[in-house]
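Read the structure below first, then the notes.
Residue indices begin at 1 and follow the sequence shown.
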Amino acid sequence: MEGNGKSLERVVSLKALQLGNSFSCQICVIGFLCGVCLTSLFLAALTSFASFQLSPNPSSTSYFLNAFRECDSKPQAVERMIMSQNLMEVQVNNQVNSIYSAWSTMLNKSNTGEGMFSQSTVTDGSKVPRPPHLDNCKLTSDANRILDQRTKDGKLPPWTMWKGFLNNYPLSKKDARQGYNGHQPISKGAYPPWIKGSDEENYPLTREVQRDIWVHQHPVNCRDPSVKFLVTDWETIPGFGMGAQFAGMSGLLAIAINENRVLVTKYYNRADHDGCTGASRSSWSCYFFPETSQECRDRAFELLNDKGALGRGVVTVKENYTTKQIWTGPIPRVWGNPWSYMQPTTEVNGTLIGYHRRMDWRWWRAQALRYLMRFQTEYTCGLLNVARHSAFGWEAAELVHSMRISEFFEENTKDSRSAIEEYVWSNHEPWTPRPLLSVHVRMGDKACEMKVVEFEEYMHLANRIRNRFPHLKRIWLSTEMQEVIDKTKLYANWKFYYSDVRRQVGNLTMAVYEASLGREMSTNYPLVNFLMATEADFFIGALGSTWCYLIDGMRNTGGKVMAGYLSVNKDRFW
C-alpha cells in the first residue's frame, strides 16, 4: 500500500511537472502573482488613505513602502519557481535522452529490430521500453513471406480479412470441439494484403489488378511446358536514374503480361554493393520480395542456357524487344480501360487535371511498381528504421517517457507480450508524427528537361495545404541540393525532417553526384525518401520529374489517392 501511495505521488508530481512545463501555465502563474501585487497595492492605498483621514500621521506612508517591498519579492519568487522548473525540465530531458540513447545503441547492433521489441530488454541495469517508431523487421518479413507463396497444395496464399499474425493464434480445445475453424484460408475472392484502403481510395481496379499480376507471376507449376518466360537485367545505361529504371521495368512487365510470359529479373546494378549480401547481391531481392517464385527463377535460368528454348521462343530476353516497345509500347488491356475513369486529383498551376494523353501509362506504371515493391525485405525495413529513428526518435522517446510515469507502471508490466499484442496488434505500422507532408524538390541538372522551380514555390503550395489543414506543421523534405536545406531556416513555423547525407553544392549532374556518394549510399538514401513520401499524408513535387511521377503512382495505389497531388510545374505534365 505504501508503494502504491508513493507511485500515486509520483504520478501527481509528474502531471504537475507536465503542466508546469507549458508556456500557458507559466503565464497564468506570473499573471496570478502580479494580480496579488496589484491587489496588495490597492488595499494598502485604501487603508493608508483611511488612516490618513482619521489620524494624519506621516508614519502611515509605511503602508505604501511595505506594499512595494512585498511586490518586489514576487519576481524573486517567480524567478525561483522558473529555476526549479528548468531543473525539472533538465531531469526529464536526461531521462528522455537515456531512452533515446538506449534505442540508438540497440539499433546500431541490429537495425532490423532484433532484441528491441521485448519488454524485458535491459540496458545499463534498467528496462528499455519498446520503440513505437521502429518495425520488427524479421517478424514482419516472416509474416509477409507466408502471404507471398502458394500453399503446399498449390492454392493461393491465405489472403483473408486477417492481417499480421492473427491466423497463428492457437485455438483452444473448446473452440476446436465446437467446430470453430478460424484458421481456414479464405483466398477465393480475397485481395492481396499489400493494398491499403478501399477501391475508392486507390486507382481504379487496383486490388483486382494486383491480385491478377501476382497470379500471373506465380504459376502453380513453373515446369509446365506452357509456361514461358521473359528474363532481363535492369537498365544499366549510364545516366539512367532509379526512376528511369523503375519505368523501364514497368514496360517489360507489360510486355510479359501481353505475351503471357513470367517476368524474371537478373542483374540490378543498384544492389551491387556490400550492403546486399549473399544471393541478394546485385539482385532486386535485396530491397523487395522477388517478382516471381524461386521455382520459376530456377526454371527460367535453365531455359536461358538452352539454345533450343531461345529459338522456340519459350524464353526471351530484353534484346528481343525494341526501345519503343519497352518504353511506349501497348500496356495490358486485360482489365479494359480503367484509366478512362480516373478522377482528377492532381493540380497543376491551380487547375485539376482531368485528362491527358498518357493516362494509360500513368495508371499502368503505378500498378507495375506497386507490385514490384509489394513487400520490403529485412534490409529495406532496417534502412527505414534508421531513417525513422534519426528523424522521429527523440519525439518517440518523449511519448514513451510521458507514458511511463511511475515505477508502478513498470513493475506491473509483464515481460511477455499479451495475446492481443502478439496477434491482433501485430499488423500496426511504426509510429510516425502526423499529419506529415512530403516535399520532393528536384533541381540541378533537371533544368535540361524542364523548367526547375525554386524552393519558395514548393513552400507556397505547402502553405496552401496548411490553410486547409491548420494542424499540419511537419515536412519530410527530400532533395539533392544543399541550398534547399539551408533555406528551411527561413520557415520557422514548419518542422522539417530530412536524411543526413552530403548534398550537391553547385550544379553537378546527377550521375556525378551519385558517383561521389558511392553506390550503396546513392541507392539507399533516395529509396528511403521515396518510401517515406509514399506513406506521408500529403505530397508536393514536380510532375516533370519521373521520380515524383512514380511517387504519385505509389501513393495512388496505396490508399492515398484522395490526398491529391500538388505539382509545382506550370508548363508540363505527363
Can you find a heavy atom in the side chain of [X] that is under 4.5 Å from one in the side chain of [Y]?
{"X": "W494", "Y": "M459", "value": "yes"}
{"X": "L372", "Y": "F289", "value": "no"}
{"X": "P131", "Y": "M106", "value": "no"}
{"X": "Y497", "Y": "M532", "value": "no"}
{"X": "F392", "Y": "P430", "value": "no"}
{"X": "R281", "Y": "C286", "value": "no"}
{"X": "Q504", "Y": "Q482", "value": "no"}
{"X": "Y525", "Y": "D500", "value": "no"}

Inter-residue atom distance [X].[atom1] - [Y].[atom2], 0.5 Å rounding:
{"X": "F539", "Y": "I465", "atom1": "CZ", "atom2": "CD1", "value": "10.5 Å"}
{"X": "T534", "Y": "M373", "atom1": "OG1", "atom2": "CE", "value": "8.5 Å"}
{"X": "S282", "Y": "H273", "atom1": "OG", "atom2": "NE2", "value": "9.0 Å"}
{"X": "L437", "Y": "F538", "atom1": "CG", "atom2": "CZ", "value": "8.0 Å"}
{"X": "M562", "Y": "N556", "atom1": "CE", "atom2": "CG", "value": "10.5 Å"}
{"X": "N524", "Y": "L384", "atom1": "CG", "atom2": "CG", "value": "10.0 Å"}

With a 3.5 Å cut-off and no angle check, do the side chains of [X] and [Y] form a donor-acceptor pair?
{"X": "N529", "Y": "S478", "answer": "no"}
{"X": "R442", "Y": "S545", "answer": "no"}
{"X": "T206", "Y": "Q367", "answer": "yes"}
{"X": "S198", "Y": "E200", "answer": "yes"}
{"X": "H133", "Y": "T432", "answer": "no"}
{"X": "W394", "Y": "N97", "answer": "no"}
{"X": "R270", "Y": "Q245", "answer": "yes"}

Where do [X] and [Y] come nearest, in terms of heavy atoms and distance?
{"X": "P433", "Y": "L436", "answer": "O-CB, 3.8 Å"}
{"X": "P290", "Y": "S285", "answer": "CG-CB, 3.9 Å"}
{"X": "A387", "Y": "V528", "answer": "CB-CG1, 3.5 Å"}
{"X": "A396", "Y": "P132", "answer": "CB-CG, 4.1 Å"}
{"X": "L147", "Y": "P193", "answer": "CD1-CG, 3.6 Å"}
{"X": "I353", "Y": "P344", "answer": "O-CB, 3.3 Å"}

Salt bridge or not between [X] and [Y]? Use side-chain N to carboxylate O under 4.0 Å.
{"X": "E395", "Y": "K495", "answer": "yes"}
{"X": "K487", "Y": "E454", "answer": "yes"}
{"X": "R464", "Y": "E347", "answer": "yes"}
{"X": "R388", "Y": "D135", "answer": "no"}

Has [X] got a side-chain atom pairing as donor or acceptor with [Y]'s backbone, closer than 3.5 angstrom?
{"X": "N385", "Y": "N111", "answer": "yes"}
{"X": "R555", "Y": "G564", "answer": "no"}
{"X": "T479", "Y": "M481", "answer": "yes"}
{"X": "S522", "Y": "R519", "answer": "yes"}
{"X": "R374", "Y": "E291", "answer": "no"}
{"X": "S141", "Y": "C137", "answer": "no"}
{"X": "S280", "Y": "C276", "answer": "no"}
{"X": "D148", "Y": "N144", "answer": "no"}
{"X": "T380", "Y": "Q376", "answer": "no"}
{"X": "W103", "Y": "P129", "answer": "yes"}

- Going through the distances and angles, do E429 and K196 end up as a salt bridge (Lys or Arg N to Asp or Glu O under 4.0 Å)? CA-CA 12 Å; E429 297 179 347; K196 300 177 183 178; 2.6 Å; yes
- Message: Apply ring-ring contact (aromatic ring centres under 6.0 Å, His included) to residues W194 and F375 and explain how you reach the verdict.
- Response: CA-CA 7 Å; W194 58 85; F375 288 131; 5.4 Å; yes
Is the distance between the ring centroids of [Y] and [X] under 6.0 Å?
{"X": "Y268", "Y": "F288", "value": "no"}
{"X": "H440", "Y": "F530", "value": "no"}
{"X": "W159", "Y": "Y191", "value": "no"}

- Message: Applying side-chain contact (heavy atoms from CB on, under 4.5 Å) to F455 and T488, what does each step give before you reach the verdict?
- Response: CA-CA 9 Å; F455 183 53; T488 60; 4.2 Å; yes
- Message: I'd like to know whether CG of N493 has more than 12 heavy-atom contacts from other residues, nucleotides or ligands below 6.0 angstrom.
- Response: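 Enclosed.
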- Item | Pairing residues for S438 by the side chain to side chain donor-acceptor pair (under 3.5 Å) criterion, not counting sequence neighbours |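 S438 satisfies side chain to side chain donor-acceptor pair (under 3.5 Å) with no other residue.
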- Who passes side-chain contact (heavy atoms from CB on, under 4.5 Å) against T346, sequence neighbours left out?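 side-chain contact (heavy atoms from CB on, under 4.5 Å) list for T346, sorted by chain: V348, R362, L543, D552, Y565.
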- Message: Under the criterion ring-ring contact (aromatic ring centres under 6.0 Å, His included), I'd like the reasoning laid out for F246 against W284: C-alpha separation, chi angles, the key distance, then a yes or no.
- Response: CA-CA 11 Å; F246 296 165; W284 179 251; 5.8 Å; yes
- Take R434 and D537 through the test side-chain contact (heavy atoms from CB on, under 4.5 Å) and record every step on the way to the result. CA-CA 8 Å; R434 295 189 183 278; D537 299 285; 3.1 Å; yes
- Taking it one step at a time, do F496 and W476 satisfy side-chain contact (heavy atoms from CB on, under 4.5 Å)? CA-CA 6 Å; F496 291 89; W476 182 276; over 6 Å; no
- Message: Run the side-chain contact (heavy atoms from CB on, under 4.5 Å) test on W214 and Q210 for me, step by step, so that the C-alpha distance in whole Å, both residues' side-chain angles and the decisive distance to 0.1 Å come before the verdict.
- Response: CA-CA 6 Å; W214 191 95; Q210 291 299 308; over 6 Å; no
